[in-house]
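What follows is one structure encoded as structure tokens, with my remarks underneath.
Atoms considered below: every heavy atom in the structure, side chains included; atoms not considered: hydrogens, waters and symmetry mates.
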Amino acid sequence: MSKKISVGVALALILASIAATFAVTVAVSQTIYNKLISDISGRTEMYSAIDDINALIRTNYYYFGSINSEKINFSISDGYVNGLGDPNSHFLTASAYTDYTERLNGNASGVGITTTWDAATAKLVVTSVANGSSAAAKGIKENDILTKIAGEKITANNYESLLDTLSGDTLSTVSVTCSRNGTPLEFSVTVGYSFVSVSHKVIGNVGYICISAFYANTQDQLKEAITAVQEAGAASIIFDLRSTKEGTVEYAAACIDCITPICSSQDEVLAKLVGRDGTPVANYPSSSNNLNLPMVVLVNGETAGPAELFACDLRDFDKAVLVGTQTAGVGTAQQAFTLEDGSAVILTTSKIIPYKSESFNEVGLVPNHEVEGSASVLDESKDAQLQKAISVLSAD
């Protein structure tokens, strides 16, 4: 037998449910704080502030019925980590953390294109194609116009949902139709690919190797690039690390080890990490690899972290000189701490100590040859830093 309830009772039940949801949200946030804050007085003060805000919202907030507990959880956690004032520490949702770990492993999601919807022409235009991506391998190019995805015609109403089929890392195959100069072209692209962080070419008799990040697969790509430019007749090498900042110290040390000889003393390492009390966190020893060619490393104000270690160590070993502008001075390493819901806090936990030099944290590296300028993809002759690197190698 069913019983009817009054509108007032129903409303009261709804409000009680919302209040309970908000209380759970606060409880979850407190659990996160327990992992981050060690002193009890600090927790008590924070909990008191949250409880006060909770009470104010429950009593006065006009849109109380539309509270999104998931968004509140994220905002509280993200706000706390951002409050540290450290640009290298941040909070990641579960899905963002999965993407983060995949990227460090050298795996990229999607098919490797970025797009924009041109409302004036009602066309979906390819704005960039990532090196090494499925889209690049199949032949999709910048300024191509996407007309169909998975056989469905692209319109203003469906292009966003159709683009979703090209995201993720499922290794599935999707058909894509493009128009290039009015000619329709069919492609079969794979969702998910290995990220290419090393590119190379030969300029005259100089090997040019650009490293855009230090991921798990960067060392293998670097070895292949070094071999390729040597086989092409390179008598010297330029490593371009301008604006390179992503990756880890571990993977940067692996790349350094492709080039440098074994350390001169058993007590020496390519790099070490030390905690805030000076205790060792990790050591990265060297092996017997040794690349005997004149070298230059290009750096700038956005060369940071693992890339700075690479540049610093090559100079410490007297393998290379630096050309460009003073680097960013990010001499710290981060560690991921996962939480119960799959989210994570990426937290600065140690300082990087190079092979011989003092820490470059907050001071950066001053190049041997300071040259202003920026990379020029279209015209190498207008790249003052690159041209200086070539002239330095020519003078050796």
Side-chain angles (χ1 to χ4, degrees), residues 88 209 211 213-214 218-219 222-223 226 236-242 244-335 348-371 385 388-389 392-393 395-396:
N88 301 300
I209 298 176
I211 306 174
F214 291 94
T218 302
Q219 184 194 46
L222 178 59
K223 288 179 178 178
I226 291 172
S236 56
I237 295 178
I238 295 171
F239 294 105
D240 193 345
L241 299 183
R242 289 176 291 184
T244 301
K245 60 189 72 173
E246 289 192 19
T248 69
V249 171
E250 176 187 1
Y251 301 143
C255 290
I256 295 166
D257 199 32
C258 296
I259 300 166
T260 57
I262 195 166
C263 296
S264 58
S265 167
Q266 288 185 339
D267 297 330
E268 294 175 335
V269 290
L270 295 175
K272 60 183 176 181
L273 302 180
V274 296
R276 61 188 180 191
D277 58 356
T279 57
V281 173
N283 289 325
Y284 300 98
S286 63
S287 59
S288 58
N289 297 314
N290 190 18
L291 180 62
N292 284 314
L293 287 177
M295 296 175 231
V296 168
V297 181
L298 293 175
V299 296
N300 64 9
E302 294 182 73
T303 303
E308 287 179 281
L309 174 64
F310 183 95
C312 185
D313 267 12
L314 261 60
R315 184 162 65 177
D316 278 355
F317 273 97
D318 293 324
K319 303 297 290 185
V321 297
L322 311 187
V323 171
T325 56
Q326 188 167 344
T327 61
V330 182
T332 57
Q334 288 66 45
Q335 184 177 350
T348 297
T349 56
S350 55
K351 183 166 68 173
I352 303 168
I353 306 298
Y355 172 53
K356 284 186 178 178
S357 294
E358 296 294 322
S359 167
F360 49 79
N361 191 41
E362 298 182 352
V363 294
L365 303 172
V366 177
N368 302 80
H369 303 276
E370 293 195 64
V371 181
Q385 294 168 338
K388 177 62 177 179
V392 167
L393 291 170
D396 286 345

Original post:
Are the side chain of Asn361 and the backbone N or O of Gly331 linked by a donor-acceptor pair below 3.5 Å?
Top reply: yes

Subject >> Exam field: side chain Glu308 to backbone Gly329, donor-acceptor pair closer than 3.5 Å >> reply: yes

**OP:** Kindly indicate whether the side chain of Phe310, heavy atoms from C-beta on, has any atom under 4.5 Å from the side chain of Ile256.
**Re:** yes

Original post:
Any side-chain heavy atom of Lys388 sitting closer than 4.5 Å to one from Leu298?
Top reply: no

**OP:** Tell me, please, which residues at least two apart from Ser286 pass side-chain contact (heavy atoms from CB on, under 4.5 Å).
**Re:** Asp257, Ile262, Cys263, Leu270

**OP:** Nearest 0.5 Å please: distance from the OG1 atom of Thr325 over to the CD atom of Gln385.
**Re:** 5.5 Å

Original post:
What distance separates Ile259 CD1 from Asn292 CG, expressed to the nearest 0.5 Å?
Top reply: 12.0 Å

Subject >> Plane angle bin for Phe317 and Tyr355 - parallel if under 30°, tilted between 30 and 60°, otherwise perpendicular >> reply: parallel

Subject >> Residues forming a side-chain contact (heavy atoms from CB on, under 4.5 Å) with Ala254, sequence neighbours excluded >> reply: Gln219

Original post:
Counting distance only, does the side-chain N/O of Lys319 pair as donor-acceptor with the main-chain N or O of Leu291 below 3.5 Å?
Top reply: yes

**OP:** Could you tell me which non-hydrogen atom of Leu322 sits nearest to which non-hydrogen atom of Ala311, and how far apart they are?
**Re:** CD2-O, 3.7 Å

**OP:** Would you give the length of the straight line joining atom OG1 of Thr244 to atom CZ of Phe239, rounded to the nearest 0.5 angstrom?
**Re:** 12.5 Å

Subject >> Heavy-atom donor-acceptor pair, Thr218 side chain to Ala252 backbone, under 3.5 Å >> reply: no

Original post:
Between Ser236 and Leu293, which heavy-atom pair has the shortest distance, and what is it?
Top reply: CA-CB, 4.4 Å

Original post:
Are the side chains of Val321 and Val392 in touch, meaning some heavy atoms are under 4.5 Å apart?
Top reply: yes

Subject >> Between OG1 on residue Thr332 and CG on residue Asn88, distance to nearest 0.5 Å >> reply: 4.5 Å

Original post:
Heavy-atom distance under 4.5 Å between the side chains of Ile352 and Leu273, does that happen here?
Top reply: yes

Original post:
Quick one: salt bridge (Lys or Arg N to Asp or Glu O under 4.0 Å) partners of Lys245, sequence neighbours excluded?
Top reply: Glu302

Original post:
Do the side chains of Leu365 and Arg315 get nearer than 4.5 Å, heavy atoms only?
Top reply: yes

Subject >> Side-chain donor or acceptor of Glu250 paired with backbone N/O of Tyr284 under 3.5 Å >> reply: no

**OP:** Under the salt bridge (Lys or Arg N to Asp or Glu O under 4.0 Å) rule, collect the residues that match up with Asp313, sequence neighbours excluded.
**Re:** none

Subject >> Matching residue for Thr348 among Gln334, Arg276, Gln335 - test: side chain to side chain donor-acceptor pair (under 3.5 Å) >> reply: Gln334

Subject >> side-chain contact (heavy atoms from CB on, under 4.5 Å) partners of Pro280, counting only residues at least two apart >> reply: none

Original post:
When rounded to the nearest 0.5 angstrom, what is the spacing between CG in Leu309 and OG1 in Thr327?
Top reply: 11.0 Å

Original post:
What is the distance from atom CG of Leu241 to atom CD1 of Ile209, rounded to the nearest 0.5 Å?
Top reply: 10.5 Å

Subject >> Contacts of type salt bridge (Lys or Arg N to Asp or Glu O under 4.0 Å), residue Glu362, not counting sequence neighbours >> reply: none

**OP:** Taking the side chain as every heavy atom from C-beta outward, state whether Glu268 and Lys356 have any pair of such atoms under 4.5 Å apart.
**Re:** yes

